[in-house]
Protein chains: 2
Amino acid sequence: MAKGDVSLSVIKRLPRYYRFLGEIKRAGIQRVSSGELSKKMGFTASQIRQDLNCFGGFGQQGYGYNVEQLYDEIGKILGVHQKAKTVLIGAGNLGRAVAAHMSFEERGFNLIGIFDKNEALAGQLVRNLPIRHIDGLYDFCRDNSPTVAVLCIPSESAKEITDELVKLGVKGFWNFSHYDIAVNHPEVAVENVHLSDSLMTLSFHVNNL
Amino acid sequence: MAKGDVSLSVIKRLPRYYRFLGEIKRAGIQRVSSGELSKKMGFTASQIRQDLNCFGGFGQQGYGYNVEQLYDEIGKILGVHQKAKTVLIGAGNLGRAVAAHMSFEERGFNLIGIFDKNEALAGQLVRNLPIRHIDGLYDFCRDNSPTVAVLCIPSESAKEITDELVKLGVKGFWNFSHYDIAVNHPEVAVENVHLSDSLMTLSFHVNNL
DNA sequence: ATAAGTTTGTTAAAAATTTGAAAAAGTTAG
DNA sequence: CTAACTTTTTCAAATTTTTAACAAACTTAT
């Protein structure tokens with residue numbers, strides 16, 4: 001069950017499995033076969049079976065998969081029950097929307113602080129958390145030891161803040177800035193979102209239908 | 001120069017090339033080799049050359065690539081100078097942030113309407129556009145013929161609205177809802193964003209460092 | 001003008017991913 | 001309990017993607 005040897009392609013599909021299994025579970029369905037999942041999700045049944053088997057034999061021949069059990073297993077693999085202490089940097093339009101809109105708690109994170117360089121925002125509540133001035137970040141991190149940071153800041157500041165946060169012990173970055181975070185440390189995980197890349201991909205497709 | 005035979009992997013890298021070339025261009029650099037790009041971007045030089053050659057020989061032996069020309073060519077391929085008329089559905093936290101934060105105009109889109117089912121929001125301005133009540137969507141589409149829709153709505157409504165918009169002639173969807181849009185029509189392009197999937201992928205990585 | 005040095009375009013090899021298919025295991029009905 | 005059926009597991013083949021290597025083409029300096 002070594003996790004290092006599971007390919008990134010597989011890992012990136014796990015949240016989708018989790019999402020669909022959640023739906024199925026809420027619909028009250030108790031068992032599901034790879035064939036049924038295949039129809040619903042648009043992956044081949046073979047791929048689904050192969051993916052799941054990277055983490056263990058969750059299914060049973062002649063029966064399929066128990067929805068609830070499989071949902072829980074994937075949840076465990078993804079770590080959705082962890083409570084990784086998380087700070088959000090940048091409380092502009094996007095930062096506030098991300099803070100308010102994402103269910104961090106259902107996905108393995110615990111949002112404990114929101115920071116912005118704009119004094120005017122200080123004290124304003126977002127999701128019951130006060131926006132703090134960025135100058136307090138250092139002390140806050142020393143006192144609370146967050147392990148994850150969400151970056152909703154302009155690309156200019158991204159590199160600098162990232163380096164500082166790494167020094168302060170942050171191990172994971174969810175990056176919405178235009179800048180491509182590429183940390184040298186192998187002990188740091190980065191997920192670059194790049195909404196504009198996604199939008200341009202759509203532009204390509206729309207113009208080449 | 002048939003575009004149908006370029007793989008999705010390549011296409012998804014194009015916005016990244018565009019982004020880095022933009023940076024290099026703004027820095028005043030006029031020529032660049034695949035080797036230099038490789039260092040900056042983290043792709044292999046071989047891959048960069050191979051990717052670019054899918055669309056034509058933009059480089060010159062012994063010289064490399066002209067930054068401005070390559071930037072323009074990729075821009076054309078991505079269609080960033082198009083003005084695809086675009087409506088945004090759902091003016092909640094996320095919808096408003098997307099409307100305000102994304103530079104649609106620099107990426108091939110022209111945002112012409114914002115809609116929400118919440119009466120209370122009607123009339124409020126976002127980016128100089130008034131939020132309109134969703135009931136007016138049909139007429140608005142008939143009058144203005146948008147070809148792209150950005151969906152920032154709950155998954156429950158996503159399928160229904162998508163189907164209606166397809167009937168009204170929308171050819172491209174940028175989907176932020178939890179729901180996986182899968183349109184049967186081969187003439188419709190969909191880009192599913194799924195921020196929560198990205199967040200859970202980060203959760204996995206953080207928990208498996 | 002020539003030679004040395006770069007760098008692309010292109011072809012081929014390697015690696016990774018996806019798909020298919022058979023064997024093993026379990027379920028369900030009689 | 002047995003036989004027919006379903007579905008996973010596992011292994012192998014096919015496809016796709018990435019990397020490497022080399023010849024052709026251009027630049028630059030002498």
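A, B, ... follow the sequence lines: proteins, then strands. Residue 1 opens every chain. Keep in mind it's a predicted model, so treat the numbers as computed, not measured. All values below were derived from every heavy atom in this structure, side-chain atoms included, with hydrogens, water molecules and symmetry-related copies excluded.
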Sequence-distant partners of [X], salt bridge (Lys or Arg N to Asp or Glu O under 4.0 Å), two or more places apart:
X       : answer
R31(A)  : none
K40(B)  : none
R16(A)  : D180(B)
E164(B) : none

For this session: Report the residue (R49(B) or L8(A)) whose heavy-atom-nearest nucleotide on DNA chain C is the more 5′ of the two.
Result: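 Taking each residue's closest nucleotide, the earlier one in sequence belongs to R49(B).
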
Exercise. For the residue pair A149(B) and L165(B), what are the closest heavy atoms and their distance?
Worked result: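 So the two residues come closest at CB-CD1, 3.7 Å.
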
For [range], which residue pairs qualify under salt bridge (charged side-chain N to carboxylate O under 4.0 Å, His left out), counting only residues two or more places apart or in two chains?
range                       : result
residues 87-110 of chain B  : E105(B)-R127(B)
residues 54-69 of chain A   : none
residues 145-162 of chain A : K159(A)-D163(A)

Exercise. Which residue pairs pass the ring-ring contact (aromatic ring centres under 6.0 Å, His included) test when at least one of the two sits in residues 145-167 of chain A, sequence neighbours left out?
Worked result: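 Pairs touching residues 145-167 of chain A that pass the test: none.
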
For this session: Check DNA chain C against residues 25-47 of chain A and give the residues with a non-hydrogen atom under 4.0 Å, in numerical order.
Result: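 Heavy-atom contacts with DNA chain C come from R31(A), T44(A), S46(A), Q47(A).
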
Exercise. Is there a residue in residues 62-74 of chain A whose heavy atoms reach under 4.0 Å of DNA chain D, and which residues are they?
Worked result: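 Those residues are G62(A), Y63(A), G64(A), Y65(A).
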
For this session: Establish, from distance only, whether the side-chain atoms of E191(A) and S198(B) form a donor-acceptor pair under 3.5 Å.
Result: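 Side chains of E191(A) and S198(B): pair found under 3.5 Å.
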
Exercise. Taking the six-membered ring where the residue is Trp, are the ring centres of Y17(A) and Y71(A) under 6.0 Å apart?
Worked result: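 When the ring centroids of Y17(A) and Y71(A) are compared, they turn out to be at least 6.0 Å apart.
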
For this session: Heavy atoms of chain A, cut-off under 4.0 Å: which first and last nucleotide of DNA chain C, 5' to 3', fall inside that, if you could look?
Result: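 First-to-last contact on DNA chain C, by the 4.0 Å heavy-atom rule, is dT17(C) to dT28(C).
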
For this session: Applying side chain to side chain contact (heavy atoms under 4.5 Å, CB included) between F115(B) and each of L88(B), D135(B), L121(B), I134(B), report the one that passes.
Result: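 When side chain to side chain contact (heavy atoms under 4.5 Å, CB included) is applied between F115(B) and each of L88(B), D135(B), L121(B), I134(B), only I134(B) qualifies.
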
Exercise. Can you give the first and last nucleotides of DNA chain D, 5' to 3', that have an atom under 4.0 Å from a heavy atom of chain B?
Worked result: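 Listing 5' to 3', DNA chain D meets chain B from dT17(D) to dT28(D).
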
